[in-house]
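One-based numbering, in listed order, for ligands and for the atoms of each. Along the sequence shown, residues are numbered consecutively beginning with 1.
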Amino acid sequence: MTGGSANSRKALSSYRRIVIKIGSALLVDRKTGLKSAWLDSVCSDIANLRATGTDVLVVSSGAIALGRTVLDLPSGALKLEESQAAAAVGQIALARAWSESLSRDGIVAGQILLTLGDTEERRRYLNGRATVKQLLKIGAVPIINENDTVATSEIRYGDNDRLAARVATMIGADLLILLSDIDGLYTAPPHIDPEAKFLETIDAITPEIEAMAGGAASELSRGGMRTKIDAGKIATGAGCAMIIASGKLDHPLRAVEQGTRCSWFAPSETPVTARKTWIAGQLQPAGELFVDEGAERALGLGKSLLPAGVRRIDGHFHRGDTVAIIATDGHEIARGLVSYDADEARQITGRKSAEIEAILGYAGRAAMVHRDDLVVTGAIRAEARSKEEAVHAG
Ligand code: GLU
């Protein structure tokens, strides 16, 4: 897959639209507050990029970290209302810092604070997209963050890696750069495993790549390698390349441009449509459908998911909600908009489509998730495929 012109590394200036995500630890020092010299160096890199005609959007973390420094809150985990208050204080300072720093290069900043529903509900998603596009049209640099002041633990993105990927796909960016305190993806966490190897190019996010990301986030920030890989799945599936690079030194974008070591994730060569991108990138599916191997094979062939292939259902959802489709080994293989409310879906689970009318009392859709509303998001396993080949061969 490498070597093709669309799918190999290019100069940053040859991208049309770049989303840059900046982690809290890069922007904020817990003792001294905002790292303004570093921020100025990033803003001058952004100005250089824009001078080549590339649109730039920034997803900036740091509101909570900055607010906590301003308020002099003790270290350790914050209670929800404390982090909401810290974000309220920190976000003002953060936005001002971006605005002032960009203005040194004659660039106007526009602040956008998103809540989960702004990207998960289709109508709000389209509205949000229109606002961001308008900002770009007038030449402003959108500075985006989660609206942490109103976000609650259940209703939040939680990490800006996935938020940035969601923004990138929403506005049709062709590159997402995650600047963080690590320079890319390793085969194992490098601080634990001295044998860990650095991966420069990732052609596809396979289950092996996912396994390398390890478990939960590091203690340094909300997002660890796990959320970066999740972001990669959202972005690359929509045809947007992704780079994980270190932001530790000044001028981190110039460094990427000049070939510093970083991990590059190739965009999918067959990106799904904008609507399917929205379905695939949903961060909180309303339920889960556990399917058998026959259904996994069928999904791999681009077919609809029929009730007969569903073994079990989890969650409370309504018709039209997004559900995750889970294979027998527990990994997610697809997402889609479900045709039935959860209670009806449970009644027809494992049954033939011809039986639906007798069970529900009306002639519903034959598919639990129709293929037009379905996106394959995970690897269809070889064993499921080989059985299909055997069926064909026989
Ligand atoms: N939205 C959070 C903040 O600005 C950061 C989330 C993250 O670390 O990914 O403080």
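Among Asn145, Ile64, Leu94, Val28, the residue whose heavy atom lies nearest to atom 4 (O) of ligand 1 is Asn145.
In terms of N/O distances under 3.5 Å, ligand 1 is not approached by Glu146. Considering backbone and side-chain atoms together, Ala65 places no N or O closer than 3.5 Å to any N or O of ligand 1. The shortest N or O to N or O distance between Asn160 and ligand 1 is below 3.5 Å. Every N/O-N/O distance between Gly158 and ligand 1 stays at or above 3.5 Å.
Nearest heavy-atom pair, Ala63 versus Asp148, reported as atom, atom and distance to 0.1 Å: CB-OD2, 4.5 Å.
Contacts of Thr227 with ligand 1, taken as heavy-atom pairs under 4.0 Å, are absent altogether.
In summary, Lys228 and Asp161 engage in a salt bridge, as defined by a charged side-chain N under 4.0 Å from a carboxylate O.
A side-chain hydrogen bond (donor to acceptor under 3.5 Å, both in side chains) check over residues 86-102, counting only residues at least two apart or in different chains, returns the pairs Asp40-Ser101, Ser60-Trp98, Gln91-Gln111, Gln91-Asn145.
Taking the ring axis of Tyr157 as reference, the NZ or CZ atom of Arg166 does not stay both within 45° of it and closer than 6.0 Å to the ring centre.
Take Phe290 and apply the ring pair (Phe, Tyr, Trp, His ring centres under 6.0 Å) test, not counting sequence neighbours, and it matches no residue.
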